[in-house]
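In what follows, a structure is listed as structure tokens, so that the remarks can point back to it.
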Amino acid sequence: MSTSTRDEEPATSAESPGRPSNFVRDIILDDLKTNKYTGRVHTRFPPEPNGYLHIGHAKSICLNFGLAAEFGGKTNLRFDDTNPEKEEQEYVDSIITDARWLGANWEDRMFYASDYFDQLHAWAVQLIKAGKAYVDDLGAEEVRKYRGSLTEPGVESPYRNRSVEENLDLFERMRQGEFPDGSRILRAKIDMESPNLNLRDPVMYRILHASHHRTGDKWCIYPMYDFAHGQSDSLEQITHSICTLEFEDHRPLYNWFIQQLGIFPSQQIEFDRLNLTYTLLSKRKLLQLVQEGRVRGWDDPRMPTISGIRRRGYTPQAIRNFCAAIGVSKTNGIIDLAMLEHFVREDLNKQAPRAMVVLRPLRVVIDNYPEGQVEELEVVNNPEDASAGTRRVPFARVLYIEQDDFRLDPPKKFFRLSPGHEVRLRGGYFITCTNVVKDERTGEVVGVHCTYDPATRSGNAPDNRKVKATIHWVSAQHAIDAEVRIYENLFTNEDPGQVPEGQDFTVNLNPNSLEILTNAKLEPSLATAKLGDRYQFERLGYFCADLDSKPGALVFNRTVPLRDTWAKIEKRQQESR
RNA sequence: UGGGCGGUCGACUAAUGGUAGGUCAAGUGCCUUUGGAGCACUUUGUCUAGGUUCGAAUCCUAGCCGCCCAGCCA
């Protein structure tokens, strides 16, 4: 089995000239007009390799790559790897795979903040020499105290006014590994009374005797985000450095370093992070789910990670369309998960070949159908796409239908099979229920007897007789057994971060987020399904072959169910009761 | 109670002093060999109060509400 690559297309956000704009795009348009960057647009996507990419990153990828592509610019992939304690090669590998899958193309421009460690160090020395940075001997606890609070100004460290020589010497000895972790830091000398806490002599370098996934043991001091990010942007000549809202307070610092160093003035622009109902988009919490075994790994199909969503059966196009549709702004909102689901359905409806699968089988015997007879009935592969052609499906005397498609006592508006009623078997015949077989002890219906009308072959009614329902079916003797995994929301709470006092977000976990059906019956054409192949199982939803599939033991994931009008009606009926 | 940033249908987002529009959701009808898809229609909105203006979602003033910031995380 191998995954197909036909999914991979450019991650542009939208193409038509009349497209709705957004404020970031407007800024670029304006910069282009004023020739601020000599007509250049160069963005970057800067993930930290401390976890897997999720749907929130997809928004950022679409924005960064989409905007640059629209204006003939470029986008770099840059790993923000300044904290060796949290970062791993596994994460950089997955990020590359996932970003590519989404359609991001950075050509040969894949960088690491760690590529710039030498330059960053030199710049730190430069700032020390300019009297703009100093080595502080305060411990973490004291640094916090000296920083003041939201409402009180900070107090200058007693080490703030060391001589340049002493600072240079100390910083060099920090680099040499002479001091233990946490014993000293390099700080920028800005303003301990600034109302913006980020400007109260922010830390530039900390001592970390940790081995880095790329630089190994070359360094035991590592730059902080604030001292690395802007300069990395600048080195790469990034024109528009797009990040999320929580960095707004950092922008003055971002600009301060660039200005003090006199380097290329990249411009930071902040937009709102994606929030989705019933979904958690925090790498820390997703990591926790993985580590505690609440899910089966980063690529569990219930996870909002790109790898999870991919395994679930989503297409990159659907994700791109979603990202284009939700727009970009500065309001912190929460997108209805239904919006995401809409875009997969929309995409898969056009693409996915149909197949008949019975999830929870109920045995049907067509009493008047000749024993031993088998017909090959022709059915269309995709009513939305004539070019998808047709296939043959075997029909015989004993079939399986969905348990949900039969009711002994049909409620109002239930049009499917029930005693005395006629339905159409999709692409087959009209059948009428004549009798049921019950389990003697439980009273449960375990089988149904029907008669068929030979004149209705392929589902046509020569007399124009109407049936109110068409149901799917699989020939019992030809059916393939398979496992089907049904997913529900991972969380029961619309905002899973909302947690009762003293509790953990895991209280919101949905105990029914995964249901494994081991007795599904597949039409025989599905035998050749390959990893990642996506289908619409008629009347049920979109499904794809999971990587747990083995020859002769297929496993399918439900990507998303079809919209279900009957379920809504039934729910309303139950609520009004 | 410091600073920063926001508040437009149920959700998201346009309108950049000149008809409050689109998408999702919800609902109704049509159509249907998927109760799918499609099509048509419908409901609901400018945080509040003042002001400027011929005209305000947009500008001004004052409130109210929400989010972010006190990591040697990013």
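All heavy atoms count here, side chains included; hydrogens, waters and symmetry mates do not. Chain letters run A, B, ... following the sequence lines, proteins first, then strands; residues in each count from 1.
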Next item on the list: Could you let me know what U48(B) is paired to, Watson-Crick or G-U wobble, both distances under 3.5 Å, or none if it's on its own?
Entry: A62(B)

Notebook entry, point to check: Do any side-chain nitrogens or oxygens of Arg206(A) fall under 4.0 Å of OP1 or OP2 in A74(B)?
Noted result: yes

Check: Looking at Thr151(A), does any N or O in its side chain come under 4.0 Å of the phosphate oxygens OP1/OP2 on U1(B)?
Finding: no

Check: Does A74(B) have OP1 or OP2 sitting under 4.0 Å from an N or O in the side chain of Thr82(A)?
Finding: yes

Check: Just checking Glu152(A): base, sugar-phosphate only, or nothing, at a heavy-atom cut-off of under 4.0 Å?
Finding: nothing

Notebook entry, point to check: What distance, rounded to whole Å, do you find between the two C1' atoms, one in G45(B) and one in A11(B)?
Noted result: 12 Å

Checklist line | Aromatic plane relationship, Phe117(A) with Trp219(A) - under 30° parallel, 30 to 60° tilted, over 60° perpendicular | finding: perpendicular

Item checked: Any strand: nucleotide that pairs with C54(B) via Watson-Crick or wobble, under 3.5 Å -> G18(B)

Item checked: Sugar-phosphate or base contact per nucleotide [nucleotides 37-43 of chain B; S, B, -; heavy atom under 4.0 Å] -> S------

Next item on the list: Using a cut-off of strictly less than 4.0 Å, decide whether Lys568(A) has a side-chain nitrogen or oxygen near OP1 or OP2 of A26(B).
Entry: yes

Note to self: Can you tell me whether the side chain of Asn196(A) and the base of G4(B) have a donor-acceptor pair closer than 3.5 Å?
What the structure shows: no

Next item on the list: Check whether any side-chain N or O of Thr331(A) sits under 4.0 Å from OP1 or OP2 of U13(B), and answer yes or no.
Entry: yes

Notebook entry, point to check: With both distances under 3.5 angstrom, what nucleotide forms a Watson-Crick or G-U wobble pair with C72(B)?
Noted result: none

Notebook entry, point to check: Using atom C1' of each nucleotide, how far apart are C59(B) and C54(B) to the nearest Å?
Noted result: 16 Å

Next item on the list: Determine yes or no for a side-chain-to-main-chain donor-acceptor pair under 3.5 angstrom, with Glu48(A) supplying the side chain and Phe79(A) the backbone.
Entry: no

Notebook entry, point to check: Which part of the nucleic acid, if any, lies within reach of Ser149(A) when heavy atoms closer than 4.0 Å are counted: base, sugar-phosphate only, or nothing?
Noted result: base

Notebook entry, point to check: Parallel, tilted or perpendicular: which fits the ring planes of His212(A) and Tyr222(A), with parallel below 30° and perpendicular above 60°?
Noted result: parallel

Next item on the list: Examine A14(B): is either OP1 or OP2 under 4.0 Å from a nitrogen or oxygen in the side chain of Arg25(A)? Give yes or no.
Entry: no

Margin query: Rounding to an integer number of angstrom, what distance separates G36(B) and G21(B) when you compare their C1' atoms?
Written below: 29 Å

Next item on the list: Have a look at Gly428(A) and say if it touches a base, only the backbone sugar-phosphate, or nothing, with a 4.0 Å heavy-atom cut-off.
Entry: nothing

Next item on the list: Return yes if the base of G71(B) and the side-chain atoms of Arg144(A) contain a donor-acceptor N/O pair under 3.5 Å, otherwise no.
Entry: no

Checklist line | Inter-nucleotide C1' distance (C39(B), G4(B)), Å rounded | finding: 48 Å

Check: Between Glu236(A) and Arg78(A), is there a salt bridge with N-O shorter than 4.0 Å?
Finding: yes

Item checked: Spacing between Leu29(A) atom CG and U16(B) atom P, to the nearest angstrom -> 15 Å

Item checked: Watson-Crick or G-U counterpart of U28(B), or none if no pair lies under 3.5 Å -> A40(B)

Next item on the list: For Ala140(A), report the nucleic acid contact type (base, sugar-phosphate, nothing); a contact means any heavy atom under 4.0 Å.
Entry: base

Notebook entry, point to check: With a 4.0 Å cut-off on heavy atoms, is His472(A) in touch with a base, just the backbone sugar-phosphate, or nothing at all?
Noted result: nothing

